[in-house]
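This report refers to the structure that appears directly beneath it.
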Amino acid sequence: MAEPEGGRRPRLVSLLALGQRAWEVTLERERGLLSWRDPQPRRRRGRENCVVPASEILAVEETEIDKKQCSRGKWQKMAKPHAFTVYYVTRARKHRWRCSELTFWCVDEQLCNQWIQALKELLELQKCRPKQLLVYINPYGGKRQGKRIYEQKVAPLFSLASISTDVIITEHANHAKDNLFEVNIYKYDGIVCVGGDGMFSEVMHGLIGRIQKDSGIDQNNPKAPLVQCNIRIGIVPAGSTDCICYATVGVVDPVTSALHIIVGDSQPLDVSSIHRNNTFLKYSVSLLGYGFYGDILQDSEKKRWMGTIRYDFSGFKKFLSHNYYEGAVSFLPATHTLGSPRDKKRCRTGCYICRQSKHQPAAQEKNYELAHNEDEGEDWKVIKGKFLAINAVNMSCACPRSPKGLSPAAHLADGSTDLILVRKCSRFSFLRYLVRHTNQDDQFDFTFVEVYRVKKFHFTSKHVEDNESDVKDIGKKHFGQFCSDHPACCCNLSNSIWNCDGETLDSLAIEVWVHCQLIKLFARGIEEDVDEAIYSQSTVEQ
């Protein structure tokens with residue numbers, strides 16, 4: 001192909017050796033596509049064409065050819081062969097990504113250098129890719145394999161992609177959180193946490209807190225609009241629970257997560273702030289659960305020696321106890337977002353509903369004062385009664401054991417949380433509800449289950465402590481004197497705790513606000529399930 005005057009060729013096409021035969025290799029610079037095809041396709045060889053977008057090319061390197069390779073008969077007419085290797089992403093089953101490599105042989109050195117230069121120029125255009133990362137490793141989480149997973153599976157990929165890292169191995173609880181207030185976070189393109197949901201929560205709290213501190217925002221003020229964090233967080237799963245990784249990538253796999261970080265994926269994520277009496281308590285991105293899930297966490301924390309099986313043991317134990325708790329919930333419906341918790345619109349890569357909410361942070365800031373004005377709250381809804389569980393989820397909370405999660409249609413970045421209220425019912429009815437988390441039936445199709453998509457809610461237990469007078473007054477204004485018609489003997493006087501992303505939170509009255517797209521992850525959401533033959537790259541004879 002002739003080169004246009006005064007410019008480079010928009011397409012680079014060459015016959016390069018791949019295995020024993022010559023393949024036609026094409027690089028389309030404007031579209032950012034690398035493709036190769038067999039000019040003489042043979043029968044029974046499957047697909048002979050393969051296309052890789054530049055966004056999924058990890059690296060390109062010149063490859064040394066030794067005498068053994070030359071003597072194996074690879075394009076024997078070459079007097080002195082030259083070669084380069086392309087490393088790229090391939091998709092395996094169940095949302096897994098893998099790093100594949102392909103070595104192309106060239107006739108002469110000039111052609112080889114031309115291809116290497118063209119591919120590297122294309123990679124330089126990928127501005128979203130990180131160059132320098134801050135990595136925190138929890139050596140104690142899960143099966144204590146965090147350090148080994150990073151060194152053996154993740155670090156070599158970062159090195160291949162020319163990503164420099166500063167690695168910190170945490171030594172105690174909140175080490176990463178405290179460190180993020182001290183280091184210069186702005187010189188990094190992202191922060192990577194190697195561990196489970198607890199490690200991610202620690203990094204998230206540290207990053208959000210640091211950004212708010214530098215921006216002069218008081219986190220204790222529930223009315224304060226929080227500043228968005230543009231420094232992305234990467235999650236390398238290595239914990240006992242990796243719910244957040246599973247719900248944003250679709251699989252718990254360190255290699256897949258590392259590849260999402262390398263290609264520079266970006267997935268905005270809603271964050272809920274939790275306050276009590278104008279005091280900041282915690283942030284939550286997945287599950288905020290009172291009652292059943294809070295009880296499970298509280299009991300399992302005493303049995304950490306059992307490993308991950310402690311969750312099953314505690315869950316069975318708490319199911320048998322069948323505790324219920326009395327209180328009241330008030331909430332503001334999320335009228336700004338599309339869809340509902342009971343529709344079939346799952347949050348997937350490029351989610352339309354989340355894209356429609358991309359301007360929500362700015363609008364949310366304008367509406368803060370109105371939304372927090374209790375006297376203007378004509379849209380507040382109030383529900384009071386006895387509950388087995390009160391759950392608020394910012395994402396589906398899917399996991400390998402519950403592929404649909406607690407709310408299958410919850411969205412990652414639409415500025416809302418799905419509030420699920422499970423009223424007191426029989427033990428058998430509650431079991432039916434729990435079983436539906438593992439099958440395809442509608443888990444909200446019960447008379448004792450209510451679900452709402454909300455942007456803010458309050459919870460007040462019947463047994464609010466005296467020192468929580470401010471929240472108690474708020475509760476009275478919205479709820480009235482609840483449970484006044486019931487004698488004390490018919491009420492369960494015990495209290496639960498909150499399960500906040502796998503961390504305990506002991507409070508009988510809280511105020512929760514959803515901050516739309518407050519943080520960003522190195523992820524792209526769960527990709528649609530497509531037949532493996534479409535996703536997989538063609539296998540070529542080496």
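With sequence neighbours left out, the side-chain contact (heavy atoms from CB on, under 4.5 Å) criterion links Arg148 to Gln145, Gln152.
Residues Ser314 and Ile296 come closest through the heavy atom pair CB-O, 3.7 Å. Of all heavy-atom pairs spanning Gly502 and Asn499, the tightest one is N-OD1, 2.9 Å.
Between Trp380 and Leu332, the closest side-chain pair of non-hydrogen atoms falls below 4.5 Å.
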Enumerate donor-acceptor pairs with a distance under 3.5 Å from any side-chain N or O in residues 167-183 to protein atoms, sequence neighbours excluded.
{"unit_1": "Thr170", "atom_1": "OG1", "unit_2": "Ile137", "atom_2": "O", "d": "3.1"}
{"unit_1": "His175", "atom_1": "ND1", "unit_2": "Glu171", "atom_2": "N", "d": "2.9"}
{"unit_1": "Asn179", "atom_1": "OD1", "unit_2": "Tyr136", "atom_2": "OH", "d": "2.6"}

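Without hydrogens or angle criteria, Asn221 side chain to Asp218 main chain gives no donor-acceptor distance under 3.5 Å. Side chain of Asp501 to main chain of Val285: a donor-acceptor pair is present (N/O by atom type, distance under 3.5 Å, no hydrogens or angles). Using modelled atom types, no side-chain atom of His411 and backbone atom of Ile353 make a donor-acceptor pair closer than 3.5 Å. Looking only at distances, a side-chain donor or acceptor of Gln517 sits under 3.5 Å from a matching main-chain atom of Ala413. Within the 3.5 Å criterion, the main-chain N or O of His437 finds a donor-acceptor partner in the side chain of Ser402. Under a 3.5 Å cut-off, the side chain of Thr438 and the backbone N or O of Val435 do form a donor-acceptor pair. Judged by distance alone, the side chain of Trp498 and the main-chain N or O of Ser507 form a donor-acceptor pair under 3.5 Å.
A distance of 14.0 Å separates CZ in Arg524 from CG in Leu412, rounded to the nearest 0.5 Å.
Tyr186 OH: more than 12 foreign heavy atoms inside a 6.0 Å radius.
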